[in-house]
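Beneath this line is the structure, given in structure tokens, with notes to follow.
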There are 2 protein chains.
Amino acid sequence: MAAPRDTPQRRAIEAVLAAADGFCTAQDVHARLRAEGHGTGLATVYRHLAALVEQGRVDVVTSPGGEARYRSCSGSHHHHLTCTECGRSVEVRIDAIERACARVGAEHGFRDVHHTIELSGVCDAHPAP
Amino acid sequence: MAAPRDTPQRRAIEAVLAAADGFCTAQDVHARLRAEGHGTGLATVYRHLAALVEQGRVDVVTSPGGEARYRSCSGSHHHHLTCTECGRSVEVRIDAIERACARVGAEHGFRDVHHTIELSGVCDAHPAP
DNA sequence: ACTGATTTTGAGAATCATTCTCATTCTCAG
DNA sequence: CTGAGAATGAGAATGATTCTCAAAATCAGT
Ligand SMILES: [Zn+2]
Ligand SMILES: [Zn+2]
Ligand SMILES: [Zn+2]
Ligand SMILES: [Zn+2]
């Protein structure tokens, strides 16, 4: 369960994530690697993706369809606003929400409260009403 | 794809959800039905669960493990605070968050913004620090 | 570089939740 | 009662993720 060292495969995977500016699926990463000539295996992609998530270098959200989608990100706490049309996503940080979540947890006698928040919508690069 | 009518199977499923006071998996529901003697099939459980979700009579959240968990709920907009130890969960409504989410969407030029929020922690029925 | 120990890799098999298929059973209006 | 259409359930199919394990790469010590 130790994090795999830095290897060419890991670098290739990080490169793919950096190139994409939205979330992409493990299978997507694998396909893109294959397209670029790297013979990286699917298992390896999953391994590194999991390690990167653990290190906080990559975010993962489980899409409604049930698959996990990955995206490289800054290390500190934040959430994502993602376009449902083009997949583009921006990191957002909203103190009001952070505070409200903490307060609600306390009010109900819960401790060690965590939260997951996902925002989605249609960005301004698409036909408007 | 039309919503199935009201049938004994549907009633049984709703009963199971009502009995449990936390989220449970489709497979859980199926198993519990079997245990109670109903010969309900897995496909039927999934069908009704999906219909109930569509009607807003049931909430669904995809757990970190990737499976969908269901819970009967009131119809109006709300979120859940769930205990990671016993699975108990309470509905919460936090205007501050609703407002903040809408505002952030607008600030970034997104329209038709939706959000999913899940709170989890340990409830006061468990050993404290 | 050579050797042996350790880690990483990748092809394919194994899992497992969910969805599909389809013949059978139900429901209900006429 | 009868026939059309809806619902059911057993089992197959799907598809993402995880596991298995032999081969390949890497490392430390010589
Ligand atoms: Zn967009
Ligand atoms: Zn937060
Ligand atoms: Zn609890
Ligand atoms: Zn809300």
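Per chain, numbering begins at 1; letters A, B, ... match sequence-line order.
Scanning for side chain to side chain donor-acceptor pair (under 3.5 Å) contacts around A:Arg99 gives an empty result, with sequence neighbours left out. By the ring-ring contact (aromatic ring centres under 6.0 Å, His included) test, A:His115 pairs with A:His77, A:His79, sequence neighbours left out. Not a single salt bridge (charged side-chain N to carboxylate O under 4.0 Å, His left out) links B:Arg71 to another residue, sequence neighbours left out. In this structure, B:Arg32 has no side chain to side chain donor-acceptor pair (under 3.5 Å) partners at least two apart in sequence or on a different chain.
Listed pair B:Thr7 / D:dT8 meets the phosphate criterion, a side-chain N or O lying under 4.0 Å from OP1 or OP2. Taking side-chain N and O atoms only, B:Gln9 has no distance below 4.0 Å to OP1 or OP2 of C:dC26. Between B:His48 and the phosphate of D:dT8, there is a side-chain N or O to OP1/OP2 separation shorter than 4.0 Å.
Under a 4.5 Å side-chain heavy-atom criterion applied to ILVMFWY residues, the cluster that includes A:Val61 comprises A:Phe23 as well.
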(request) Do nucleotides 10-18 of chain D as a string where each nucleotide becomes B, S or -: B if the base has a protein heavy atom under 4.0 Å, S if just the sugar-phosphate does, - if no protein is that close. (result) B-----SBB
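Between the side chain of A:His78 and the main chain of A:Ser76, a donor-acceptor pair closer than 3.5 Å is present.
Whole-Å rounding puts the A:His38 NE2 to C:dT8 P distance at 19 Å.
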